[in-house]
Amino acid sequence: MIRESDSEHGGAAAVTTHHLTKRYGTDTALDAVDLLVPEGAVYVLIGGNGAGKSTTLKVLMNLERPSSGTAEVFGLDTALRGPEVRAQVGYVPERHNPGYGWMTGGRLLQHIASYYPSWDDAYADHLIRGLDLRASRRVGSLSKGETRRLQLVMALAHRPPLLLLDEPTDGLDPVVRKRTLALLAEHLADTPTTVLITTHHLYEVESLADHVGVLSNGRLIAQMPRDDLQRTVRRYRIEVPDGWEAPSDLRIASERRSRTGREIQCIVVGEERAITERLTLAGARVHEVSSLALEDAALAFLPAEATR
Amino acid sequence: MLVNLDLHDARPLYLQIMDAVRRALVVGTLRAEDPLPSVRELAAELLINPRTVSQAYRELEREGVIYVRRGLGTFVAPDIHPDRHERRALARGVARRALVEARNNGLGVEELVTMIREVAAAEGGEPSPLPTPAIRDEEQ
């Protein structure tokens, strides 16, 4: 796996997993995952459907037990200290169904509040207004997006030190999504919080992310700070002799060739200077090097068949 | 001061914020002793982690560009001379981006410099340094 130098952050980890593996029968949902979310980070875990994102969060919530390996939240083993862990977490689950369909949103929030000594009523009201929720409506009659917003209030209003948000922007329109991210930014400024977000659309939460992890088929194939990710993936436009083949030691993520075959555009993982040298040495002329949006940079780590 | 971030730019976000502050100083939209937006405000406006804003402010404070008054907020240093150091830093950034663009188009330094003068002359003599052209330098 490609990973950062952990020493750079020095500080404690909010979430760690050690060779975390989860099997369902013969199906491997998580395969020896070593996740590391530094305290205070906004860590975005991306991957396609069935990559293992939701399973990871469920293990952290002790809603699923690891088949092998361990998971820790603030140093507490999630399988042994489930209730203590959950008390410190605000969780938005994958499913848009908080249950209690017959209650009003406001009543459900009161019910949830009774579980958390740190629940902040004034802040809950502030969030309800900010997210444009009508607390008088029955939970069962809420749309997908409204349910999401209610779940966000439930997760944030007790100001937990860790937020686990499973596709938090799913079902939100662009305006509400922006408002949600702004509320999250304010939340982070007011309350020291670590955030672990899963999504299959990195661009939806891209601005907030400062760490990125890439899951593919249950394996964590990359995790690093945002700046490292953007620095180590570049798009190269090169001119090559007829019949040129790329050096096999280069990690080339995607390649486009011109009709004549003399011009190639490819995305390569590695430090720009070293890659340029390597390409030049192999007989290519590097014409243009450009940076990528965070999502494209992250996708470069996925195996080729997954991105097509 | 208004900050625009370019998420496609590989430059770290905190560096982009630092540049935006420097640009505002050179252009004159930010002056000595002016207050800066709070970390919370700027983070919510830009939809970024407040820690990124703090990092930018910390670096600017270390460079003596801004200072913190406890309980009151962050302000531009009283003795700021944007005409010297900041102007050079900004010009260096613009030059670097122009060079990259030239290289990507297969052009050399001399060709670029000559053409800048020619275009400037054709567009009406000495280009005015303030303020419009200096602000819009975020394009790739």
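Here the structure is a predicted model, which is why all the values come from computation and not from measurement. Letters A, B, ... mirror the listed sequences (proteins, then strands); counts begin at 1.
Distance check, rounded to the nearest 0.5 Å: CG of A:Leu208 to OG1 of B:Thr52 gives 8.5 Å. Here the straight-line distance linking atom CZ of B:Arg103 with atom NE2 of A:His287 works out to 13.5 Å at 0.5 Å rounding.
A pairwise comparison of heavy atoms in B:Leu13 and A:Ser207 identifies CD1-O, 4.0 Å as the closest pair. Summarising the geometry of B:Ala44 relative to A:Ala182, their closest heavy-atom pair is O-CB, 3.6 Å, with the distance given to 0.1 Å. The heavy-atom pair separating B:Leu7 from A:Arg226 by the smallest distance is CD2-NH2, 3.6 Å. Residues B:Asn49 and A:Asp210 approach most closely at ND2-OD2, 2.7 Å, considering heavy atoms.
Residue A:Arg257 qualifies as enclosed at atom CZ: its count of foreign heavy atoms under 6.0 Å is above 12. Residue B:Arg69 places its CZ atom among more than 12 non-hydrogen atoms of other residues, nucleotides or ligands, all under 6.0 Å distant. For B:Leu72, the CG atom counts as densely surrounded, since its 6.0 Å shell holds more than 12 non-hydrogen atoms of other residues, nucleotides or ligands.
Using a 4.5 Å cut-off between heavy atoms, B:Arg40 touches chain A through backbone and side chain atoms alike. A:Val233 does not touch chain B: none of its heavy atoms, backbone or side chain, sits under 4.5 Å away. Heavy atoms closer than 4.5 Å to chain B are found in the backbone of A:Leu292, but not in its side chain.
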*Could you walk me through whether A:Lys178 and B:Leu47 pass the side-chain contact (heavy atoms from CB on, under 4.5 Å) check?*
CA-CA 8 Å; A:Lys178 271 195 147 177; B:Leu47 309 179; 4.1 Å; yes
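In this structure a side-chain-to-backbone donor-acceptor pair under 3.5 Å is present from B:Arg51 to A:Gly40.
The most heavy-atom pairs under 4.5 Å with chain B, out of A:Leu188, A:Leu229, A:Leu294, come from A:Leu188. Top candidate by heavy-atom pairs under 4.5 Å with chain A, chosen from B:Ser38, B:Gly106, B:Pro50, is B:Pro50.
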